[in-house]
Chemist: 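One structure, as structure tokens, below. Some questions next.
These numbers come from a predicted model, not from an experiment. Counting starts at 1 for both ligands and their atoms, following the listed order.
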Amino acid sequence: MKLSAEQETKIQSLIREMTLDEKIAQLNQASVSIVGGFDVPFSELIEMMTDGRLSQDEFHKIMATSEKDYHEEEIKQGLVGSIMVQDPETSNRLQKIAIEESRLGIPLIIGLDVIHGYKTVVPIALAEAGSFDRDLMRRTAQMAAKESRADGIHWHFAPMLDISRDARWGRVSEGGGEDPYLLSQFAKAKIEGLQNDQSSHLNYVAACLKHYVGYGACEGGRDYNTVSMSESLLRNVYLPPFRAAIDAGATTVMAAFNDLNGVPCTVNREMLTDKLREEFGFDGFVVSDANAIRECVAHGIASDEAEAGAKALYAGLDMDMGTEIYLKTLKGSLASGTISLETVDQAVERILRVKMWLGLFDHPYVELPESDELSEDNKALALEAAEKSIVLLKNKDDLLPLPIDTKISIIGELANKASEVSGAWAISFREKDGVSLVEGITKEFPNSRYFEVGGLETPINEAILQEALAYGDVIILVAGELVSMSGEATSRADISLPGEQSKLFAALENLDKPTVAILMNGRPMAIEKEVGQVDAVIEAWHLGIQMGHAVARTLSGANNPSARLTVSFPRVSGQCPVYYNHPNTGRPAGRSKFTSKYMDIEPGALYDFGYGLSYSRFAFGNVVLKETAESIQIILDVSNISDRDGEEVVQLYVTDKVGSLVRPVKELKGFEKVTVASKEKVAVELRVDKKDLGFWNNQGQYCLEDGDFIFTVTDGNENSESFELNLSF
Ligand code: GLC
């Protein structure tokens with residue numbers, strides 16, 4: 001993060017002027033829930049509402065009250081450095097108090113969870129990363145930055161970069177899946193989109209890499225649970241997306257809730273200082289996750305909140321989200337010598353530098369927007385992102401696409417819920433902006449009708465089901481998860497279809513007419529039986545505001561599906577975790593009983609990472625491998641042998657056959673997405689630098705080892721070609 005000499009000087013002189021209270025305040029992100037008699041963290045308020053100790057009305061009263069009374073007073077006293085807000089009026093009001101009524105007028109940095117779009121909600125990351133379209137990932141981030149900055153939000157708690165291999169963990173929806181290379185590319189594109197357009201202060205925000213680190217490896221897929229992993233696994237799989245984002249200039253990081261090998265990330269100096277700053281060169285600031293400093297007492301790494309606060313600050317955690325432990329205890333810790341003033345000043349400086357980099361000292365306020373309608377350009381980008389994130393999993397006898405005069409029956413509760421298109425963490429989504437699948441499909445297919453058959457939150461209505469099965473020439477079943485079953489604190493031990501949705505699949509199985517399943521979900525689901533009961537399957541995830549139109553246009557062929565899976569699908573829940581880049585083991589799963597597999601299911605994933613079909617057909621030709629001193633290049637022709645223009649995702653995997661540590665059976669090391677017109681061909685070049693063919697060992701050393709490597713270029717479907725090469729580095 002580059003500041004001018006004048007800006008650096010201003011920060012230093014400010015720090016010299018600040019009292020100790022004002023310094024500690026900069027480390028405090030006020031929680032919206034601490035007001036009056038409710039001095040509890042936001043997460044506990046949610047719990048109190050969930051278990052009935054607090055009514056919805058009381059909850060909203062607290063939120064409103066805290067918003068108004070609590071902050072105005074505290075900000076005036078210069079005791080708040082940051083706050084979460086999600087509207088321009090509040091942002092300006094609180095900012096004005098900070099600037100004009102506190103002694104030094106230091107602006108607030110205003111943050112919010114803007115994970116996949118602000119008001120213009122786009123596909124969840126698990127879907128969008130599957131577009132394998134770096135430019136798209138960048139453009140949606142840039143849109144979110146501009147749309148939210150106009151509302152006075154300067155800091156996104158995004159991108160979420162947690163590698164996830166276990167579909168039982170509900171937060172798999174928020175990140176870009178199981179592969180380090182794809183998630184690293186996603187990370188780089190997101191940082192560029194959020195931060196790089198500094199032509200105006202209204203065009204960029206501070207990104208926040210989360211959750212650092214290893215959160216997706218929580219034991220059993222149980223959210224917040226313990227994480228243990230080797231140094232080599234941490235460095236080869238879980239850290240690369242964070243390093244890619246730091247190399248792209250990320251300005252903030254959020255420490256994860258979980259402990260990593262026994263030390264909670266919140267107080268983990270080895271991760272927050274030794275690695276993040278000294279080794280990776282990160283120069284922004286670190287914020288805790290919500291309430292996480294308080295939770296260090298529950299972890300058992302601190303005997304009380306003062307000790308938790310002192311340990312966190314010493315570890316390199318600069319800002320306290322939502323507990324006020326820094327505000328309440330750091331003076332005491334300083335007095336007792338548990339922490340030094342230098343450590344406090346260091347944290348203050350990091351936070352002030354990001355505020356300066358954001359232009360907040362010169363531009364703290366925003367113009368109130370004339371309208372709160374979404375722009376047509378933003379809606380168009382949301383449609384493009386949704387269409388490019390749809391994965392075609394099955395299309396028996398090329399059933400899809402369907403003629404637009406097809407008589408269609410649409411069933412499945414999720415189909416008619418505009419509220420369900422948003423996906424997890426779409427906290428600024430407005431239902432009025434969402435297009436349900438019924439709205440989209442009935443617009444694209446005039447002869448389609450929706451039948452209230454139930455099956456998810458309500459029992460199946462057999463009479464209406466029979467009516468639906470009789471009406472349509474094609475039956476479309478929309479099935480999956482509610483948004484509330486996805487995201488934080490939504491781990492599920494059983495990831496089969498909730499409710500009676502499986503019975504709807506069974507009702508379609510022997511029907512004498514074509515059947516299509518559209519999946520709306522935020523995680524891979526255990527649907528091996530169900531996908532065999534229908535003729536076509538589209539994985540539509542949660543695609544954001546334009547989901548209905550994107551799915552409908554895919555069904556009609558106006559959109560040719562091109563995305564690929566970012567996560568492997570287990571056959572049954574008990575098979576989790578399932579992922580493609582696994583070690584071979586000494587007994588790779590095979591026909592013999594005495595190999596690494598389950599007795600009661602087929603080995604391997606139901607669908608693999610990187611898989612996805614198209615309405616087009618492609619063929620690879622003239623595939624050649626070229627070796628130079630620095631890199632390996634694979635050059636090929638991709639021909640479209642069908643009569644429909646389409647997009648192909650060409651993927652490059654590398655297998656390091658023998659190493660001083662066992663290596664994954666293959667690893668993604670490159671991809672390109674290309675558009676190929678019908679009957680045309682396009683030359684594609686994939687390149688991997690030789691320096692990227694190494695791995696980290698358990699001593700934290702990067703190893704490039706001579707030996708045999710296999711380079712495989714594939715589209716994740718029927719096209720694949722491999723080369724074996726002996727390399728010396
Ligand atoms: C939550 C999440 C984190 C989010 C933060 C603020 O608990 O773990 O991803 O950014 O709190 O809402």
Chemist: On the six-membered ring of Trp155, is Lys210 placed so that its NZ or CZ lies under 6.0 angstrom from the centre and within 45° of the ring axis?
Modeler: no
Chemist: Looking at residues at least two apart in the chain, or sitting in another chain, which of them share a salt bridge (Lys or Arg N to Asp or Glu O under 4.0 Å) with Lys146?
Modeler: none
Chemist: Less than 4.0 angstrom from a charged side-chain N to a carboxylate O is my criterion; do Lys190 and Glu128 meet it?
Modeler: yes
Chemist: Return the option from Asp289, Ile115, Val287 holding the heavy atom at the smallest distance from atom 8 (O) of ligand 1.
Modeler: Asp289
Chemist: Any nitrogen or oxygen of Arg171 lying under 3.5 Å from a nitrogen or oxygen in ligand 1? Just yes or no.
Modeler: yes
Chemist: Below a 4.0 angstrom heavy-atom separation, can you tell me which part of Tyr224, side chain or backbone, both or neither, approaches ligand 1?
Modeler: neither
Chemist: Where does the angle between the aromatic ring planes of Tyr224 and Phe257 fall among parallel (under 30°), tilted (30 to 60°) and perpendicular (over 60°)?
Modeler: perpendicular
Chemist: Taking Arg430's backbone N and O only, do any of them form a donor-acceptor pair with Lys119's side chain (distance below 3.5 Å, no angle check)?
Modeler: no
Chemist: Within the 4.0 Å heavy-atom shell around Phe257, which atoms of ligand 1 are there?
Modeler: 7 (O), 8 (O)
Chemist: Does even one non-hydrogen atom of Glu174 get within less than 4.0 Å of ligand 1?
Modeler: no
Chemist: Just to be sure I'm reading this right: ignoring hydrogens, which of Ile427, Val114, Asp113 gets closest to atom 6 (C) of ligand 1? Compare them by their nearest heavy atoms.
Modeler: Asp113
Chemist: With the threshold set at under 4.0 angstrom, would you say His211 reaches ligand 1 through any of its heavy atoms?
Modeler: yes
Chemist: Any cation-pi pair here, Arg353 with Phe285, using under 6.0 Å and within 45°?
Modeler: no
Chemist: Between ligand 1 and Tyr215, is the shortest N or O to N or O distance under 3.5 Å?
Modeler: no
Chemist: In ligand 1, which numbered atoms sit nearer than 4.0 Å to a non-hydrogen atom of Phe157?
Modeler: 10 (O)
Chemist: Which of the atoms of ligand 1 are close to Lys210, meaning less than 4.0 Å from one of its heavy atoms?
Modeler: 3 (C), 4 (C), 9 (O), 10 (O)
Chemist: Excluding sequence neighbours, so at least two apart, what forms salt bridge (Lys or Arg N to Asp or Glu O under 4.0 Å) with Arg269?
Modeler: none
